[in-house]
Novice: 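This is the structure I want to talk about, given as structure tokens.
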Amino acid sequence: MPRLERPTDQPIPGGGSMFDIVLIGAGVVGSAIARVLSQYRCTVAVIEKESDVGMAASSRNSGVIHAGINYAPDSLRARFCMQGRKLLLTWCDELNVPYKVCGKLIVAPSEEEVPGLRRLRSTGEANGVPGLAIIGPNEITELQPGIKAVAALHVPSSGIVSPYAMTLAMAEEAAVNGVTFLLECEATQIRPVDGGYAVDTDRGTVSGRWVINSAGIHAGHLAQTIDPEAPDLYPCVGEYLILDKQVGESLAMSVYPAPPVGGAGLGVHITPTTEGNVLLGPSDEYVSDPETTSCAGKTADQLLEEAMIMWPALPRHLVIGAYAGIRAKRTSPSVGGFGDFLIRQTPSADRVVHLIGIESPGLTAAPAIADYVVHEILHANEPLVQKPLSEVVHRPWSTRFDDLPEEEKERLVAKDPNYGDIICRCEGVTKHELLHALNNPLGVKTLTGIKYRCRATMGRCSGGYCLPRMVEILQEEHGWEPDDFVLRGPSSPAFAGRLIEERHD
Amino acid sequence: MTEQIREFDVAVIGGGPAGLAAAAAAASQGAQVALIDRNSQLGGILNQCIHDGFGLHAFGEVLTGPEFADRYVRRATDAGVFLQSNTLVTSLAPSGEIICSRYGQRKQLRAKAIVLAMGCRERTRGMIRIPGYRPAGVYTAGTAQWLTNLANVRIGRRVVILGSGDIGLIMARRLTWEGAEVIAVIEKLPYPSGLPRNINQCLLDYEIPLHLSHSVTCIHGKDRVERVTVSRFDETGTPVAGSEFDLVCDTLLLSVGLIPENELSRRAGVVLDRTTSGATVGASYMTNVPGIFSCGNVLHIHDLADWAAEEGERAGASAAKYAEGIHGDAVVEESIPIRAGDGIRYVIPQRVSRSTDQVLMSFRVTEPRGKTTIRAISGKAMIGSTQLNKAHPATMVQLRIQIEDLAGPVEVTCS
Ligand SMILES: Cc1cc2nc3c(=O)[nH]c(=O)nc-3n(C[C@H](O)[C@H](O)[C@H](O)COP(=O)(O)OP(=O)(O)OC[C@H]3O[C@@H](n4cnc5c(N)ncnc54)[C@H](O)[C@@H]3O)c2cc1C
């Protein structure tokens with residue numbers, strides 16, 4: 001029998017109790033809204049169907065902080081990207097989330113693509129993006145050796161952020177400031193009730209005076225349960241390859257192709273991550289299953305091929321992993337291209353707000369979307385009361401031990417000997433960090449949750465080294481049973497029980 | 001630093017058979033030797049190899065992995081090696097300074113010569129890019145072996161094994177004994193990559209099917225493995241359309257190759273060989289960085305622990321001599337290259353200098369063959385040869401040549 005407490009062990013707050021705000025979906029957008037709300041005197045419940053926050057698009061993207069060159073000047077995408085980028089950097093500082101304003105190159109392999117670069121530059125300039133410059137091969141090489149192109153648009157204000165760290169840090173801070181997170185709880189319908197709205201879930205009903213639907217790819221059909229005119233969303237998968245940190249040593253900034261005309265994505269790019277790996281991707285393919293995370297072998301070869309047009313000497317033998325994310329597109333396959341973000345108050349129920357089609361640059365835009373929803377919709381409608389600053393707890397993301405200078409490492413080891421015990425060789429994760437990850441305020445105990453919080457099993461050996469160590473520590477020191485080890489949730493058990501029962505006497 | 005920097009003649013990183021043998025050999029020459037290993041038990045991967053088949057070559061006896069390890073731990077202890085377990089080396093400088101970390105302590109030490117013996121890790125699903133979902137239930141064979149033999153967990157009930165590497169074969173038998181159903185072993189090459197004796201004792205004896213020229217082309221199941229699609233591959237390595245079939249299983253084990261674990265070495269400036277992924281070394285097993293030696297699976301993947309230990313002994317002895325100022329290898333530029341010619345995948349060492357009188361070359365053929373003649377050629381002359389009844393890439397071959405015979409670069413070929 002599994003002995004660990006599971007999210008579903010806790011009854012959901014039912015009866016007559018009504019939250020001020022019920023949020024559906026804890027991606028980066030929902031988590032950002034939760035963080036802003038947690039600074040006010042109001043009761044908030046977040047309903048999330050997965051076993052952890054940020055498991056969908058928000059942890060499966062490029063992690064690029066967009067500068068604002070791709071969006072029509074009067075669009076919400078342009079507005080929230082420009083505002084979001086600024087806020088994001090401040091939030092990252094407050095939350096100690098890793099980011100880097102490393103800039104980006106959009107490259108033209110031949111003269112034919114150069115007009116495309118000029119178009120991007122003028123859109124960017126109209127949006128107020130600073131420092132844009134079209135540069136030639138010599139300057140390209142100076143910025144990023146090894147890139148083959150006749151020209152490139154240099155976007156110095158673009159950057160990278162750890163998308164899962166961002167989402168987790170926001171949600172965890174919201175949780176310690178009193179937001180209720182209901183994990184493994186799937187919303188099926190929104191309906192009016194006396195004094196507010198009921199959100200029916202697979203575990204019962206949660207009611208709120210306001211409902212904010214930030215359910216990512218599912219936001220469209222969930223909205224339609226109360227707002228029949230709400231638009232449909234079309235899932236479009238983007239696959240990535242992850243390259244060894246060795247490759248990251250020679251990549252200073254993101255390298256993008258000129259965006260394919262009418263394409264559903266921005267084209268296959270090469271981008272460093274804040275942890276030092278390199279990502280190649282994404283592909284773009286409309287799919288029928290909004291939950292698919294399957295990667296096709298053929299696509300992997302295509303990704304490599306396309307990336308190698310820009311970076312011919314790319315060390316393709318250093319691929320260590322793959323993943324796929326789903327874009328929530330408002331444009332159907334026959335239309336292609338991009339739709340704008342839609343923030344919609346239900347005409348017949350204006351306290352039910354839907355966030356629909358938050359695709360790229362949703363990560364960059366999330367803080368601005370949250371700011372808009374909380375301040376310009378909620379607060380404008382009925383003023384929210386700010387908590388005194390002394391009541392707001394800050395919960396910064398921990399700096400990775402491996403990234404600290406030697407003196408600091410020694411200081412920490414003297415403080416807690418578990419800092420000396422390195423359980424993951426690829427990412428240099430210490431036992432202290434593992435235990436800290438396990439003690440997260442959301443109560444998440446999945447292996448993927450631990451991975452995103454401390455990077456154990458995330459390195460080049462995919463857990464070959466640290467998984468056994470984690471199993472040993474958790475079984476022997478924390479009393480875990482084999483059935484307590486699950487990858488993403490209760491339906492993905494890592495093991496099939498004990499081998500020999502008697503041994504555990 | 002939390003304590004004074006300790007100085008040694010030789011520091012060995014890694015306490016598997018190669019490292020233990022290297023430390024013992026260096027210490028028995030009178031060197032002050034430290035051996036550092038990250039596990040609590042010395043012996044490296046041998047501790048999870050509870051099956052027998054070790055020691056036939058080294059001791060003329062059949063031993064289990066832990067028994068074999070124990071012999072070398074005792075040798076190292078008796079020779080006076082300072083054994084430091086539970087300690088992970090986090091950095092190595094070309095000058096011989098080491099930073100390591102253990103529960104409650106960061107620590108620095110320095111040595112005149114370093115022996116790299118960190119072993120290898122397993123190739124993963126991500127590296128071979130198997131299409132499909134990424135559910136629970138996909139494990140590398142060595143990790144599965146640890147979980148089964150040392151953590152008392154059942155990794156699954158219906159198992160497909162991809163790759164016919166030795167650990168996968170051993171696990172096929174082990175999991176069968178534990179009541180799991182091993183449905184098949186799938187190998188992309190037209191021949192098995194593990195040792196022939198393991199094919200017999202682990203698959204044939206238990207009637208586990210081996211599908212050669214096949215590979216897994218899709219993993220199904222969003223949460224836990226539900227089944228895998230298997231396809232036949234033609235001579236060019238492309239899947240044959242229409243040949244696919246599904247196997248229902250809850251677990252996929254991967255035994256698809258080992259990679260020498262050289263992150264520390266690379267950061268210390270050690271140049272790696274593209275074929276072996278290990279260091280390039282001279283006849284004394286010294287890498288391009290003076291004073292840094294390499295042996296065992298971190299240098300090239302061995303088929304037997306016995307061979308890794310023997311190589312460790314030679315590298316350890318060279319390191320002890322180096323610490324005394326006796327250099328068995330010249331700098332790279334002044335060395336004579338040794339190359340893999342027709343039919344040979346790689347040769348260790350990759351170079352030799354005139355400061356030694358003979359060199360033992362270790363190498364592998366590229367594909368299985370019958371009666372084979374191995375030749376070492378230098379200038380136009382044949383300077384060594386050996387006859388084999390059968391040659392297999394899984395089985396390492398060795399040949400000794402005399403340095404005085406050299407008339408330029410050496411090439412090893414087979415026909
Ligand atoms: C391939 C790809 C690359 C991208 N690259 C970038 C980039 O580089 N930079 C950038 O700024 N943006 C990028 N984006 C966009 C960005 O990732 C998304 O806009 C952002 O993550 C959307 O966040 P979200 O919270 O709206 O959605 P999600 O992260 O999808 O979150 C929705 C949440 O709702 C939950 N949920 C859904 N239905 C229900 C229900 N019925 N009940 C309860 N919970 C539910 C889900 O489980 C999920 O946790 C990219 C997106 C993709 C797909």
Side-chain angles (χ1 to χ4, degrees), chain A residues 241-242 246 291-301 317-323 402 406 409-410 413-414 416-422 425-426 428 430-431 447 460-465 467-468 471-472 475 482 485-500 503-504, chain B residues 1-2 38 48 86-88 90-91 99 101-108 121-122 124-140 142-143 146-157 178-180 217-224 239 250-251 259 261 263 266 274:
Chain A
L241 296 177
I242 311 170
Q246 205 178 313
E291 298 280 320
T292 190
T293 50
S294 178
C295 286
K298 203 161 91 232
T299 312
D301 289 333
H317 64 287
L318 291 175
V319 172
I320 62 164
Y323 64 95
D402 202 40
E406 184 57 32
K409 286 181 178 166
E410 280 170 32
V413 173
D416 176 0
N418 280 334
Y419 272 116
D421 192 352
I422 297 175
R425 64 176 166 199
C426 303
T430 66
K431 186 171 168 186
L447 293 175
R460 53 173 74 88
C461 84
S462 302
Y465 181 80
L467 179 66
V471 170
E472 181 173 292
Q475 285 202 131
F485 294 86
V486 299
L487 188 60
R488 289 188 206 97
S491 53
S492 57
F495 308 128
R498 240 181 228 305
L499 207 55
I500 307 161
R503 204 192 98 152
H504 218 68
Chain B
M1 289 294 140
T2 26
R38 57 198 182 192
Q48 67 186 56
N86 279 320
T87 306
L88 184 104
T90 61
S91 83
I99 298 180
S101 196
R102 60 182 311 190
Y103 179 79
Q105 200 178 31
R106 300 279 294 182
K107 190 164 166 162
Q108 201 174 13
R121 62 167 175 271
E122 299 178 277
T124 65
R125 185 237 165 128
M127 293 175 190
I128 60 169
R129 310 205 310 258
I130 308 175
Y133 287 95
R134 285 168 303 288
V138 181
Y139 294 105
T140 54
T143 299
W146 195 98
L147 290 166
T148 307
N149 291 348
L150 301 179
N152 191 24
V153 301
R154 184 178 289 285
I155 55 157
R157 295 182 188 282
E178 290 303 342
T217 46
C218 193
I219 298 175
H220 306 269
K222 278 180 193 169
D223 297 320
R224 172 86 198 187
D250 61 16
T251 306
I259 306 167
E261 191 157 298
E263 279 66 34
R266 211 178 60 82
R274 269 300 284 272

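Letters go in sequence order (proteins before strands), and every chain restarts at 1. Just so it is clear, the values below take in all heavy atoms, side chains as well, and ignore hydrogens, waters and symmetry mates.
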Novice: Under 4.0 Å between a Lys/Arg side-chain N and an Asp/Glu carboxylate O for B:Arg38 and B:Glu261?
Specialist: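 A salt bridge links B:Arg38 with B:Glu261.
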
Novice: For A:Val471, which atoms come within 4.5 Å of any heavy atom of chain B: side chain, backbone, both, or neither?
Specialist: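 Interface part for A:Val471: side chain.
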
Novice: Between B:Thr90 and A:Lys409, is there a side-chain heavy-atom distance shorter than 4.5 Å?
Specialist: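 No, side chains not in contact.
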
Novice: Select one option (side chain, backbone, both, neither) describing which atoms of A:Ile320 are under 4.5 Å from chain B's heavy atoms.
Specialist: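 For A:Ile320, backbone and side chain are both near chain B.
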
Novice: Below 4.5 Å from any heavy atom of chain A, which atoms of B:Ser91 appear? Answer side chain, backbone, both or neither.
Specialist: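 Neither part.
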
Novice: Counting only non-hydrogen atoms closer than 4.5 Å, does A:Tyr323 touch chain B with its backbone (N, CA, C, O), its side chain (CB onward), both, or neither?
Specialist: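 When you check distances to chain B, atoms from both the backbone and side chain of A:Tyr323 fall under 4.5 Å.
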
Novice: Strictly by modelled atom types, are B:Arg224 and B:Thr251 linked by a side-chain donor-acceptor pair under 3.5 Å?
Specialist: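 Yes.
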
Novice: So do the side chains of B:Lys107 and B:Thr87 get within less than 4.5 Å of each other, counting heavy atoms only?
Specialist: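 No, side chains not in contact.
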
Novice: Quick one: what part of A:Ala494 sits under 4.5 Å from any heavy atom of chain B, side chain, backbone, both or neither?
Specialist: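 Both parts, heavy atoms under 4.5 Å.
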
Novice: Where is the tightest heavy-atom contact between A:Thr293 and B:Arg134, given as atom of each residue plus distance?
Specialist: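 Shortest heavy-atom contact: O-NH2, 2.8 Å.
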
Novice: Counting heavy-atom pairs under 4.5 Å to chain B, which of A:Val319, A:Asp421, A:Thr299 comes out on top?
Specialist: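 Looking at each of A:Val319, A:Asp421, A:Thr299 in turn, A:Val319 comes out on top.
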
Novice: Does any backbone or side-chain atom of A:Leu241 lie under 4.5 Å from a heavy atom of chain B? Answer side chain, backbone, both or neither.
Specialist: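 Looking at A:Leu241, just its side chain touches chain B.
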
Novice: Between the main-chain N or O of A:Ala300 and the side-chain N or O of B:Arg129, is there a donor-acceptor pair closer than 3.5 Å?
Specialist: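 Answer holds: no.
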
Novice: Tell me, side chain or backbone of A:Thr292 under 4.5 Å from chain B's heavy atoms, or both, or neither?
Specialist: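 Looking at A:Thr292, backbone and side chain both touch chain B.
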
Novice: Any Lys/Arg nitrogen of A:Glu406 or B:Arg106 sitting under 4.0 Å from an Asp/Glu carboxylate oxygen of the other?
Specialist: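 B:Arg106 and A:Glu406: salt-bridged.
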
Novice: Could you tell me which of A:Cys461, A:Gly497, A:Ser462, A:Pro490 has the largest number of non-hydrogen atom pairs under 4.5 Å with chain B?
Specialist: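 Option with the greatest count: A:Gly497.
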
Novice: So what's closer than 4.5 Å to chain A heavy atoms on B:Glu263: side chain, backbone, both or neither?
Specialist: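 For B:Glu263, the side chain is the part near chain A, not the backbone.
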
